Q: 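Have a look at the structure that comes next, please.
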Number of protein chains: 2
Amino acid sequence: MLVVEDDPAIAELERRFLAREGFGVHLATDGDAALDAVRRLRPVAVVLDVGLPGRDGISVLTALRAADDWTPVVLATARDEEVDRVLGLEVGADDYVTKPFSPRELVARVKAILRRQDGRPRRLLEHGPVRLDLDRRALAVDGAAVELTPTEFNLLEALLATDGRVVTRAELMAEAWGQADYSGTRTVDVHVAQLRAKLGPGCPIETVRGVGYRLAGS
Amino acid sequence: MLVVEDDPAIAELERRFLAREGFGVHLATDGDAALDAVRRLRPVAVVLDVGLPGRDGISVLTALRAADDWTPVVLATARDEEVDRVLGLEVGADDYVTKPFSPRELVARVKAILRRQDGRPRRLLEHGPVRLDLDRRALAVDGAAVELTPTEFNLLEALLATDGRVVTRAELMAEAWGQADYSGTRTVDVHVAQLRAKLGPGCPIETVRGVGYRLAGS
DNA sequence: GCCGTCCTTACCGAACCCGAACACACGCCT
DNA sequence: AGGCGTGTGTTCGGGTTCGGTAAGGACGGC
């Protein structure tokens with residue numbers, strides 16, 4: 001469970017009530033930290049304040065969903081920011097609470113969401129004989145399981161997510177390594193080679209000379 | 001099964017999906033008819049719309065519970081009627097869905113409730129040779145009983161509940177320990193080792209390097 | 001005070017990532 | 001056609017991170 005809230009008093013309140021229900025709670029105080037935390041911690045759900053300094057909640061949510069991350073999100077909006085609520089649901093929030101809210105209500109909302117998403121189908125990325133299970137973090141080629149290292153997995157995920165568009169090495173670095181600027185090393189190439197080896201003869205990863213890589217047309 | 005809903009289109013939708021699951025479905029379009037139907041038909045469960053004309057859903061539910069009738073009730077509330085949901089649960093609803101909801105979700109919710117309050121609500125988690133009895137807090141592997149300490153039990157329960165999805169150490173901490181934020185200790189690893197030892201050679205707990213653990217198989 | 005359970009720490013082996021080095025492919029130019 | 005430069009494929013060893021495990025101490029129940 002991740003709570004994103006810049007007011008320390010409110011954050012602590014939320015943390016206490018969620019913890020009492022048995023959730024392990026992490027805190028983040030701004031949008032970038034939140035995105036990073038979701039990536040690293042893979043929380044079961046996120047309570048996201050809309051009125052953050054700098055990168056606001058809506059922006060964070062948009063970034064998450066754009067990255068194909070469907071971690072359940074409860075938005076916390078101020079009473080008069082109705083626009084944000086509507087916008088939030090459109091952008092992919094699972095529910096929202098209006099400040100000021102009772103902690104009990106927040107807890108109830110979070111639990112409801114978790115219940116709702118139980119038994120939800122797994123997130124899968126498929127392309128030809130390749131099937132990547134994001135929830136199990138497992139890969140199958142022609143139905144046979146294939147082991148992947150963490151970076152190989154992230155790389156393949158980044159490639160499959162683009163679904164045919166050309167991806168530069170810099171973009172792949174950013175996607176699979178978190179941010180790290182691509183400073184002219186060959187790291188990406190090496191891992192692509194590894195991936196191709198593991199994917200076998202039907203490997204759909206094509207080289208676009210001078211630009212980067214892309215998936216073969218389905 | 002009784003569906004109480006004043007919008008004929010929605011009512012019909014619900015009826016069709018519930019019927020497909022083998023439930024005999026009756027309809028009622030207002031609160032008084034609903035109360036009457038519950039008394040006469042004694043349905044196994046009720047799907048109850050909150051926004052009824054005249055006597056509303058909350059009132060119907062209150063009347064039922066006041067008459068010591070504990071027929072399982074799933075409330076259907078509009079998204080912005082947050083008060084009703086909290087109120088409904090306090091008044092004795094067993095669960096609720098938020099409009100607009102998918103019919104499949106409704107069915108799942110109803111089934112969950114029936115399962116929960118089935119004559120023998122003996123909750124079992126099974127996976128391969130492993131069988132975990134949540135009510136007796138007992139574990140059997142290949143039919144042979146195995147003793148578990150409380151933390152080991154919680155840990156295994158958390159793993160089995162996710163059914164193959166990757167679970168981070170932070171999540172396991174949250175699930176099995178109640179709250180404790182995972183601050184970089186190796187506690188989880190140690191207990192996983194214990195578990196593996198007790199589960200024996202056919203142990204389905206796999207390590208996902210850099211992320212966490214998951215169950216083997218499907 | 002003994003015993004079981006739990007948490008921490010430390011150590012070791014293994015997996016992994018990176019960067020360099022070398023070999024190869026492609027395309028352009030003459 | 002052949003040569004050359006640039007960009008890419010692939011291999012390999014060093015250094016680092018990560019997970020398994022064993023041992024020791026803290027805490028609480030009996």
Side-chain angles (χ1 to χ4, degrees), chain A residues 24 39-42 137-139 145-159 166-201 203-216, chain B residues 137-139 146-159 166-201 203-216:
Chain A
R39 261 197 110 85
R40 285 189 299 107
L41 302 171
R42 306 177 64 77
R137 268 186 107 72
L139 165 69
V146 176
E147 297 283 333
L148 288 183
T149 71
T151 28
E152 285 161 10
F153 185 93
N154 292 338
L155 195 56
L156 183 56
E157 181 182 354
L159 277 167
V166 181
V167 195
T168 68
R169 291 178 172 74
E171 285 171 337
L172 286 175
M173 263 269 176
E175 283 294 324
W177 276 261
Q179 38 102 342
D181 45 352
Y182 171 68
S183 45
T185 69
R186 306 286 314 287
T187 308
V188 175
D189 300 55
V190 174
H191 285 280
V192 167
Q194 289 282 345
L195 257 184
R196 290 211 246 237
K198 289 193 177 178
L199 289 181
C203 177
I205 303 178
E206 289 180 345
T207 305
V208 182
R209 197 181 168 82
V211 186
Y213 298 93
R214 77 159 164 238
L215 285 187
Chain B
R137 286 188 83 80
L139 165 69
V146 176
E147 296 286 329
L148 288 184
T149 70
T151 22
E152 285 160 10
F153 185 92
N154 291 338
L155 196 55
L156 184 55
E157 180 183 355
L159 277 167
V166 176
V167 193
T168 67
R169 291 178 172 74
E171 286 170 338
L172 287 174
M173 266 268 176
E175 287 293 326
W177 275 263
Q179 34 107 344
D181 42 358
Y182 173 68
S183 45
T185 68
R186 309 287 312 284
T187 309
V188 176
D189 301 53
V190 174
H191 286 276
V192 167
Q194 290 282 345
L195 256 184
R196 290 212 247 237
K198 289 194 177 178
L199 289 181
C203 176
I205 303 178
E206 292 180 344
T207 305
V208 182
R209 198 184 164 83
V211 185
Y213 297 93
R214 75 164 170 236
L215 283 188

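Proteins come first, then strands; the chains are lettered A, B, ... in the order of their sequence lines, and each starts at number 1. Fair warning: this is a prediction, and the values are worked out from it, not measured in the lab.
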Q: Quick one: what's the B/S/- string for nucleotides 25-30 of chain D, heavy-atom cutoff under 4.0 Å, read 5' to 3'?
A: ------
Q: In this structure, how many angstroms lie between the C1' atom of D:dT21 and the NE2 atom of B:H191, rounded?
A: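 Going from B:H191 (NE2) to D:dT21 (C1'), I get 13 Å.
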Q: Indicate yes or no for a side-chain donor-acceptor contact from B:R214 to the backbone of B:V167 under 3.5 Å, with no hydrogens or angles considered.
A: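 Looks like no, no N/O pair under 3.5 Å.
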Q: I need the CD1-P distance between B:I205 and D:dT21, as an integer number of Å.
A: 12 Å
Q: With sequence neighbours left out, write down each residue that passes side chain to side chain contact (heavy atoms under 4.5 Å, CB included) with B:Q194, or none if nothing qualifies.
A: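 If we apply the side chain to side chain contact (heavy atoms under 4.5 Å, CB included) test to B:Q194, skipping adjacent residues, the hits are B:E152.
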Q: Could you go through the side-chain contact (heavy atoms from CB on, under 4.5 Å) check for A:T207 and A:Y213 one step at a time?
A: CA-CA 5 Å; A:T207 305; A:Y213 298 93; 3.8 Å; yes
Q: Give me the atom names and distance for the closest heavy-atom approach of A:F153 to A:L148.
A: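 Shortest heavy-atom separation between A:F153 and A:L148 comes out as CA-CD1, 4.0 Å.
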Q: Using atom types as modelled and distance alone, determine if a side-chain donor or acceptor of A:K198 lies under 3.5 Å from a backbone N or O of A:V146.
A: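 Not a single qualifying donor-acceptor pair exists.
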Q: Could you give the start and end, 5' to 3', of the contact zone on DNA chain C for chain A, using atoms under 4.0 Å from its heavy atoms?
A: C:dC16 to C:dC26
Q: Quick check: on DNA chain C, is the nucleotide nearest A:L148 upstream (toward 5') of the one nearest B:T149, or the reverse? Name the residue that is more 5'.
A: B:T149
Q: Dump the intermediate steps for side-chain contact (heavy atoms from CB on, under 4.5 Å) on B:L199 and B:L156, then the final yes or no.
A: CA-CA 10 Å; B:L199 289 181; B:L156 184 55; 4.3 Å; yes
Q: Could I get the full list of side-chain hydrogen bond (donor to acceptor under 3.5 Å, both in side chains) partners for A:T151, not counting sequence neighbours?
A: none
Q: Which whole-number value in Å describes the distance from B:E206 CD to D:dG20 P?
A: 12 Å
Q: For nucleotides 7-12 of chain D, read 5' to 3', which letter fits each nucleotide if B means a protein heavy atom sits under 4.0 Å from the base, S means only the sugar-phosphate is that close, and - means neither?
A: SBBSB-
Q: Should A:E206 and A:L215 be marked as a side-chain contact (heavy atoms from CB on, under 4.5 Å) after you check the CA-CA gap, both sets of side-chain angles, and the distance that decides it?
A: CA-CA 6 Å; A:E206 289 180 345; A:L215 285 187; over 6 Å; no
Q: Using the test salt bridge (charged side-chain N to carboxylate O under 4.0 Å, His left out), find all partners of B:R169 that sit at least two apart in sequence or belong to another chain.
A: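 Salt bridge (charged side-chain N to carboxylate O under 4.0 Å, His left out) list for B:R169, sorted by chain: B:D189.
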Q: Which atoms form the tightest heavy-atom contact between A:L172 and A:A158, and what is the distance?
A: CD2-CB, 4.0 Å
